[in-house]
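Residue numbers run from 1 in the order of the sequence given.
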Amino acid sequence: MKKRSNRKVMADLIKLVKPLIGYMVIAVLMGIAGFLCATFITIFGGYAILNVMGRQEVLSLRTIFVCVVIFALLRGILRYAEQACNHFIAFKLLALIRDRVFGALRRLCPAKLEGKDKGNLISVITSDIELLEVFYAHTISPILIAVGMTIVMTWYIGHFQPLLGLIAFAAYVVVGAVLPCFFSKRNGESGMVFRTKAGELSSYVLESLRGLRESIQYQTGEKRMEQLNCRTDELSEEERHQKQIAGENMAMTQTVILFFDLLMLAAGCVLYLDGAVEFNGVLLGFIALMSSFGPVVALANLGNTLQNTLAAGNRVLDILEEAPVIEEVKGKPEIAFEGAQANHVTFAYGEETILSDVSLEIPKNEIVGISGRSGSGKSTFLKLLMRFWDVQKGQMKISEKSVREINTTNLRKMESFVTQETYLFHDTIENNIRLAKSSATHEEIVEACKKASIHEFIMGLPDGYQSQVGELGSTLSGGERQRIGLARAFLHDAPLILLDEPTSNLDSLNEAVILKSLQEQTKKKTVILVSHRKSTMCIADRIYSMEQGRMS
């Protein structure tokens with residue numbers, strides 16, 4: 001995770017407000033006006049006291065009462081309008097951030113995300129983004145409102161006597177700036193620790209749900225529950241610690257406010273005795289300071305909640321700013337598939353070499369088999385041909401052109417990739433297959449399913465092609481999911497089909513049907529067939545054996 005200062009995180013998040021700057025200005029102006037209305041309701045009380053004492057005749061009691069009623073109504077209206085603008089900005093920006101995050105995930109896929117902690121990632125794109133609402137609705141605007149109120153109230157109190165204005169300014173700065181900075185340092189990395197532990201808990205829960213059958217079979221449920229409770233307790237303890245600090249910070253804020261109130265009163269009395277200020281200035285200055293801390297107190301309280309928010313922002317920015325391993329290629333001439341080849345390809349994950357000086361030919365309209373033990377690099381070879389990663393040495397070519405120089409969309413249209421584990425969305429069978437070709441008709445989907453030997457199974461379901469597959473395809477067996485993956489490949493109708501153990505979850509009968517269909521497809525398709533099964537390799541026109549990353 002990239003280390004950023006809180007200022008850097010805030011600056012990067014504020015940059016996103018630019019499209020909505022007009023709404024932000026309106027929110028700030030209404031916020032300042034609203035707080036001034038609230039403050040002057042109390043100040044009018046001071047004018048009323050002075051009126052009763054016969055020390056001021058500018059405002060009558062009737063005028064004061066009318067002003068209080070008007071300001072009270074305006075306060076409610078302005079507060080509502082300010083919050084409406086702030087939340088409009090927040091929710092618009094959250095939608096923008098979600099769009100950018102998912103765009104970033106698309107750029108990072110699959111190389112950067114294959115090793116990511118999925119539960120932690122889910123936590124980032126859900127709860128962390130949601131937490132940014134606090135920043136956009138309750139942080140940016142309050143800071144600007146507090147600055148505006150500080151200027152106005154310092155002038156108002158200072159016009160009675162400059163020293164009183166300086167005391168008020170010092171009070172606002174200490175409560176609204178010094179204390180939040182102090183609280184932020186005092187909280188340290190607690191916000192990031194909390195968000196990290198929350199993400200780890202999400203990962204553990206997701207993993208436990210996915211492995212529920214194994215936990216039941218091997219009776220490890222109690223142990224996992226114990227670990228889940230332990231992680232939950234750790235998270236709760238971290239939250240309790242944060243709340244304790246927040247309470248102490250709030251008490252410190254109120255103590256500082258009381259100190260400045262007493263300082264204002266004492267300074268006013270001394271100045272009054274010296275004849276430097278009238279009684280009106282002492283009373284109204286004291287009341288004005290006491291009633292105007294609202295905006296800066298909001299900033300002081302931010303020091304208690306902002307750590308979590310900025311930690312969430314830091315995690316979101318990590319995704320937005322992470323550079324993809326593979327850059328998308330655009331603007332190149334479109335090419336047609338005329339065969340593929342690997343020329344002295346070497347590839348490593350970190351320090352572990354997976355493929356070493358691999359070369360092979362993949363002629364057009366042939367079935368090329370690649371056999372070998374698990375971990376020998378067969379699946380990695382297919383991913384390199386899809387350009388999920390770039391090779392360190394050598395070249396992967398299609399139609400005599402390096403895959404690095406082929407438009408990404410062009411490359412994806414030329415290739416259909418069926419992995420060992422077919423991912424199914426929580427949707428109907430038909431929509432899951434249509435994923436391969438969004439414009440496909442029902443008849444085209446049926447034809448693809450017949451080729452994949454799954455049409456009869458689908459028609460045997462109560463709702464046929466409209467049957468729901470359940471989350472992660474939980475209502476289907478591994479073989480059924482695998483055949484749906486093959487149906488997708490047939491529907492995609494790409495000239496090059498990459499099959500990674502396509503029959504590993506099939507019985508002999510279904511395997512024979514699939515292989516026959518694949519053999520028929522080679523009249524107009526090229527197939528790369530990766531498998532450790534000898535029975536699967538019987539349809540290959542040529543077979544390469546891969547052992548420990550080398551081809552033979």
Side-chain angles (χ1 to χ4, degrees), residues 109-112 114 324-420 489 494-502 518 521-522 524-532 536-537 539-552:
C109 283
K112 281 257 182 166
E114 192 158 283
V325 173
I326 304 299
E327 293 288 350
E328 187 173 354
V329 179
K330 296 179 181 179
K332 302 288 185 179
E334 297 287 304
I335 66 169
F337 180 78
E338 297 295 337
Q341 62 185 157
N343 291 335
H344 304 288
V345 168
T346 296
F347 177 77
Y349 293 116
E351 299 297 322
E352 183 184 3
T353 300
I354 306 299
L355 299 176
S356 178
D357 196 32
V358 170
S359 297
L360 62 88
E361 289 286 335
I362 304 162
K364 186 178 180 181
N365 297 340
E366 284 192 15
I367 298 179
V368 176
I370 302 177
S371 65
R373 297 177 182 177
S374 297
S376 60
K378 305 187 303 296
S379 299
T380 299
F381 180 84
L382 297 184
K383 292 174 181 178
L384 292 174
L385 200 55
M386 288 288 294
R387 200 172 174 249
F388 288 171
W389 290 277
D390 279 332
V391 301
Q392 278 90 29
K393 294 181 181 179
Q395 281 188 321
M396 300 293 292
K397 289 186 174 182
I398 290 181
S399 302
E400 298 298 326
K401 201 171 189 68
S402 171
V403 293
R404 295 186 182 190
E405 299 174 4
I406 301 174
N407 290 337
T408 303
T409 53
N410 187 190
L411 187 66
R412 297 291 182 262
K413 287 178 181 177
M414 286 192 292
E415 299 175 332
S416 288
F417 185 27
V418 180
T419 62
Q420 296 180 45
L496 176 60
I497 300 176
L498 312 178
L499 303 176
D500 190 0
E501 300 285 0
L518 286 172
Q521 289 294 309
T522 56
K524 55 180 180 178
K525 305 288 183 188
T526 303
V527 179
I528 302 178
L529 186 59
V530 166
S531 180
H532 64 276
T536 302
M537 288 296 161
I539 66 167
D541 296 307
R542 62 179 69 193
I543 300 174
Y544 295 93
S545 178
M546 188 175 288
E547 294 295 334
Q548 297 181 343
R550 294 183 177 275
M551 198 69 74
S552 61

If you round to the nearest 0.5 Å, how far is CD1 of Ile362 from NZ of Lys397? 13.0 Å

Here the gap from Glu415 atom CD to Leu382 atom CG, rounded to the nearest 0.5 Å, amounts to 9.5 Å

Quick one: does [X]'s side chain have a donor or acceptor within less than 3.5 Å of a partner on [Y]'s backbone?
{"X": "Arg404", "Y": "Val391", "answer": "yes"}
{"X": "Asn410", "Y": "Glu334", "answer": "no"}
{"X": "Lys525", "Y": "Ala494", "answer": "yes"}
{"X": "Thr353", "Y": "Ala348", "answer": "no"}
{"X": "Arg412", "Y": "Met386", "answer": "yes"}
{"X": "Tyr544", "Y": "Glu361", "answer": "yes"}
{"X": "Thr526", "Y": "Leu496", "answer": "no"}
{"X": "Asn343", "Y": "Gly394", "answer": "no"}

Taking the side chain as every heavy atom from C-beta outward, state whether [X] and [Y] have any pair of such atoms under 4.5 Å apart.
{"X": "Leu411", "Y": "Ile398", "result": "yes"}
{"X": "Leu355", "Y": "Met546", "result": "yes"}
{"X": "Met414", "Y": "Ile406", "result": "yes"}
{"X": "Lys332", "Y": "Lys330", "result": "no"}
{"X": "Val527", "Y": "Leu499", "result": "yes"}

Run the side-chain contact (heavy atoms from CB on, under 4.5 Å) test on Ser371 and Ile543 for me, step by step, so that the C-alpha distance in whole Å, both residues' side-chain angles and the decisive distance to 0.1 Å come before the verdict. CA-CA 7 Å; Ser371 65; Ile543 300 174; 4.1 Å; yes

Ser379 vs Asp500, side chain to side chain donor-acceptor pair (under 3.5 Å): CA-CA, chis, key distance, verdict: CA-CA 6 Å; Ser379 299; Asp500 190 0; 2.6 Å; yes

Given Gln341 and Glu400, is the side-chain contact (heavy atoms from CB on, under 4.5 Å) satisfied, shown in steps? CA-CA 8 Å; Gln341 62 185 157; Glu400 298 298 326; 3.3 Å; yes

Judged by modelled atom types alone, do Asp357 and Thr346 share a side-chain donor-acceptor pair under 3.5 Å? no

Using every non-hydrogen atom in the two residues, find where Phe347 and Gln392 come nearest and quote the distance to one decimal. CA-OE1, 2.9 Å

Arg542 bridged to Glu366 by N-O distance under 4.0 Å: yes

